[in-house]
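Numbers restart at 1 for each chain; the letters A, B, ... are given by sequence-line order, proteins then strands. This is a predicted model, so every value here is computed, not measured.
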Amino acid sequence: MPELPEVEVVRLGIARAVTGATVTTIEVFEPRSLRRHPAPPEDFVARLTGAVFAAPERRGKFLWLPLGPPVLHEMQERADAVRETSGKTPSALTESPAFRSVEASHRTTGEALVVHLGMSGQVLLRGPAVQDARTRIRIDVAGAAGEYRLNFVDQRIFGSMAIDDLQATGDVPGWVPSSVSHIARDPLDAHFDDRLFLSRLASKRTGVKRALLDQTLISGIGNIYADEALWMARVHYDQPASTLSRQKARAVLAAVREVFAKALIEGGTSFDTQYVNVNGESGYFAHSLNAYGQHGKPCPRCGTPIVRESWMNRNSHFCPRCQRLRSP
DNA sequence: CCGGACTCCTGGTTGC
DNA sequence: TGCAACCAGGAGTCCG
């Protein structure tokens, strides 16, 4: 379910509550939600209890919360105090060499709580003691922003939590969980390399939609936003990637960014209660869909009915007039 | 390298 | 109204 915009909504939604907060209690109700954790659930609980979260980060659909030492927590609290008393941004503190060096020395050997929502995962930010149906893992935290409960809710249990080592990224300075290192940067990442992506895309003979869904090529795109971006760029989902002109390939990438940006503003895509933000509220992007799920309805551009085709054990939605297969 | 099939799952919706 | 079949935003693996 959740693609980049939905995961980013979650990251933004929990940031204030979790950054600098200490984990007080962990409860694991569903061990299968820890399938990607390399040790038994007791290990997960033991390692997380008492840990302090740094600011949440995201790459594509993966979200992680670095586990920081108490000294970071203290500096975060000082930063908050500066903000409250002076009204000034505390960036002078958090961006100070001392803070950075502490953060860096920790991160290079550090760990993170890695979260993937799978098809049906949610992170709900609640007050202490609030219960939610189908909560698989519950994390109680206390920090400068107050006490909160994070309920990891996941109907289908394709999502997961795990504690993983952070490793240095290969391209620019930074850290990423080992289990996320094979995932390409996403197109909203400041360090996303357009030229590298376009050249790799041009070398692929597979259909352009399959390429867009390949998280090792470009991350964050799922079935909804692939269909939406291809509709916007007027490209057929099965057009071999290598046959796209450079201009058309750039148009596809621009469309992905545009669709992501619009979806983010609208709080993500909700079809039902399967996707909600951290407060349990729906996003509005479902009202803005032009192709996905619109089969039988007129294409907003030309009026031709949108077609749905079975593809890769799922569906592709497109306008048969605007998005034609072109021979190379 | 490529494409297709299959796995992990639950529960809401659809259709008889 | 009951019940079974069908379907779903992801990702990894395996096979030909």
Side-chain angles (χ1 to χ4, degrees), chain A residues 1-10 29-38 58-63 114-123 132-137 152-162 177-184 186 200-230 237-243 256 259-260 263-264 266-277 282-289 291-295 308-317:
Chain A
M1 140 185 91
E3 304 179 33
L4 184 149
E6 291 75 34
V7 179
E8 179 64 3
V9 165
V10 169
F29 302 103
E30 178 48 82
R32 289 175 296 177
S33 292
L34 292 176
R35 197 171 323 170
R36 306 174 83 135
H37 183 71
R58 182 189 54 71
R59 176 180 285 197
K61 306 169 195 174
F62 286 82
L63 175 71
V114 183
V115 183
H116 196 284
L117 301 178
M119 291 278 269
S120 56
Q122 305 173 357
V123 174
D132 283 296
R134 287 189 275 283
T135 296
R136 310 304 188 188
I137 297 170
F152 179 65
V153 171
D154 187 11
Q155 179 197 115
R156 295 175 71 182
I157 324 181
F158 288 166
S160 65
M161 284 188 164
S178 303
S179 55
V180 184
S181 61
H182 65 296
I183 301 293
D186 62 66
R200 290 187 66 198
L201 182 69
S203 73
K204 298 219 172 262
R205 266 174 289 190
T206 191
V208 61
K209 180 170 173 181
R210 192 171 171 129
L212 290 180
L213 295 179
D214 178 354
Q215 306 294 305
T216 68
L217 180 65
I218 181 173
S219 69
I221 306 170
N223 209 29
I224 296 177
Y225 297 107
D227 282 359
E228 290 303 305
L230 290 169
Y237 68 89
D238 215 15
Q239 186 75 38
S242 58
T243 66
V256 169
V259 169
F260 276 174
L264 255 175
E266 299 189 21
T269 304
S270 302
F271 296 126
D272 47 38
T273 54
Q274 283 289 335
Y275 172 73
V276 291
N277 70 12
S282 292
Y284 289 96
F285 193 72
H287 304 293
S288 304
L289 294 172
Y292 186 86
Q294 307 303 302
H295 43 291
R308 178 177 70 180
E309 281 183 7
S310 179
W311 174 83
M312 292 255 303
N313 289 329
R314 47 220 310 207
N315 289 305
S316 276
H317 312 73

Undergrad: Would you say A:His182 places a side-chain N or O within less than 4.0 Å of OP1 or OP2 belonging to C:dG12?
TA: yes
Undergrad: If a protein heavy atom is under 4.0 Å from the base, mark B; if only from the sugar-phosphate, S; if neither, -; do that for nucleotides 4-9 of chain B going 5' to 3'.
TA: BBB-BB
Undergrad: Expressed as a whole number of Å, how far does the C1' atom of B:dT10 sit from that of C:dT13?
TA: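 Straight-line distance between the two C1' atoms is 22 Å.
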Undergrad: For the residue pair A:Tyr292 and A:Phe285, is the inter-centroid distance of their aromatic rings smaller than 6.0 Å?
TA: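 Judged by ring-centre distance (under 6.0 Å), A:Tyr292 and A:Phe285 do not meet the cut-off.
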Undergrad: OP1 or OP2 of C:dC7 less than 4.0 angstrom from a side-chain nitrogen or oxygen of A:Arg314, does that happen here?
TA: no
Undergrad: So, is A:Tyr292 close to the C:dG9 phosphate, meaning a side-chain N or O under 4.0 Å from OP1 or OP2?
TA: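 Answer yes for this pair, as a side-chain N or O of A:Tyr292 is under 4.0 Å from OP1 or OP2.
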Undergrad: Enter the distance from A:Gln155:CD to A:Arg136:CZ here, rounded to the nearest 0.5 Å.
TA: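 The CZ atom of A:Arg136 is 8.0 Å from CD of A:Gln155, to the nearest 0.5 Å.
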Undergrad: Looking only at side-chain atoms of A:Phe62, point me to the closest of C:dG10, C:dG12, B:dG12.
TA: C:dG12
Undergrad: Round to a whole Å and report the spacing from CG of A:Asp154 to C1' of C:dG9.
TA: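 That distance rounds to 12 Å.
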Undergrad: Choose from C:dG9, C:dA11, B:dG11 the nucleotide whose nearest atom is closest to any side-chain atom of A:His116.
TA: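 When the side chain of A:His116 is considered, C:dA11 is the closest of C:dG9, C:dA11, B:dG11.
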Undergrad: Please give me the minimum heavy-atom distance between A:Ile218 and A:Leu212, naming the atom from each residue.
TA: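 So the two residues come closest at CG2-O, 3.7 Å.
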Undergrad: Check the orientation of A:His295 and A:His317. Use parallel for under 30°, tilted for 30 to 60°, and perpendicular for over 60°.
TA: tilted
Undergrad: Could you give the distance separating B:dC9 and C:dC3 at their P atoms, to the nearest angstrom?
TA: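 Looking at atom P only, C:dC3 and B:dC9 are 26 Å apart.
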Undergrad: Consider side chain to side chain donor-acceptor pair (under 3.5 Å). Of A:Ser33, A:Ser120, A:Ser160, which one does A:Asp154 pass it with?
TA: A:Ser120
Undergrad: Please lay out, stage by stage, how A:Lys61 and A:Asp186 fare under the test salt bridge (Lys or Arg N to Asp or Glu O under 4.0 Å).
TA: CA-CA 9 Å; A:Lys61 306 169 195 174; A:Asp186 62 66; over 6 Å; no
Undergrad: With rounding to the nearest 0.5 Å, note down the distance linking CG in A:Asp214 to CD1 in A:Ile183.
TA: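 Going from CG on A:Asp214 over to CD1 on A:Ile183, the span is 9.0 Å.
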Undergrad: Write down the distance between CZ (A:Phe152) and P (B:dT10), rounded to a whole number of angstrom.
TA: 15 Å
Undergrad: Return the value, rounded to whole Å, for the distance between atom CG of A:Leu63 and atom P of C:dG9.
TA: 21 Å
Undergrad: Check ring-ring contact (aromatic ring centres under 6.0 Å, His included) between A:Phe152 and all other residues, then give those that pass, not counting sequence neighbours.
TA: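 Checked A:Phe152 against ring-ring contact (aromatic ring centres under 6.0 Å, His included); zero matches.
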Undergrad: Both A:Asn315 and A:Lys61 contact DNA chain C. Taking the nearest nucleotide for each, which residue is further toward the 5' end?
TA: A:Asn315
Undergrad: Can you measure A:Arg36 atom CZ to C:dA11 atom C1' for me and round it to whole angstrom units?
TA: 7 Å
Undergrad: Whole-Å distance between B:dC2 C1' and A:Lys209 NZ?
TA: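 The distance from NZ of A:Lys209 to C1' of B:dC2 comes to 18 Å, rounded to the nearest Å.
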Undergrad: Nearest 0.5 angstrom please: A:Ile224 CD1 to A:Glu3 CD, how far?
TA: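 Nearest 0.5 Å value for the CD1-CD distance: 5.0 Å.
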Undergrad: To the nearest Å, how far apart are A:His295 NE2 and C:dA8 C1'?
TA: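 My rounded result for the distance is 12 Å.
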Undergrad: In terms of side-chain heavy atoms of A:Thr206, which of C:dG12, C:dG9, B:dC2 is nearest?
TA: B:dC2
Undergrad: Once you round to the nearest 0.5 Å, how far does CE of A:Met312 lie from CG of A:Leu213?
TA: 6.5 Å
Undergrad: For C:dC6 and B:dC6, measure between their P atoms and round to the nearest Å.
TA: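 The answer is 15 Å between these two P atoms.
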Undergrad: Nearest-Å distance, CG (A:Leu289) to C1' (C:dG9)?
TA: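 For the pair A:Leu289 CG and C:dG9 C1', the rounded distance is 11 Å.
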Undergrad: C:dA11 C1' sits how many Å from A:Leu4 CG, rounded?
TA: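 After rounding, the gap between these two atoms is 16 Å.
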Undergrad: What base-paired stems does DNA chain B take part in, with at least 3 consecutive Watson-Crick or G-U wobble pairs and both distances under 3.5 Å?
TA: B:2-8 with C:10-16, B:10-16 with C:2-8
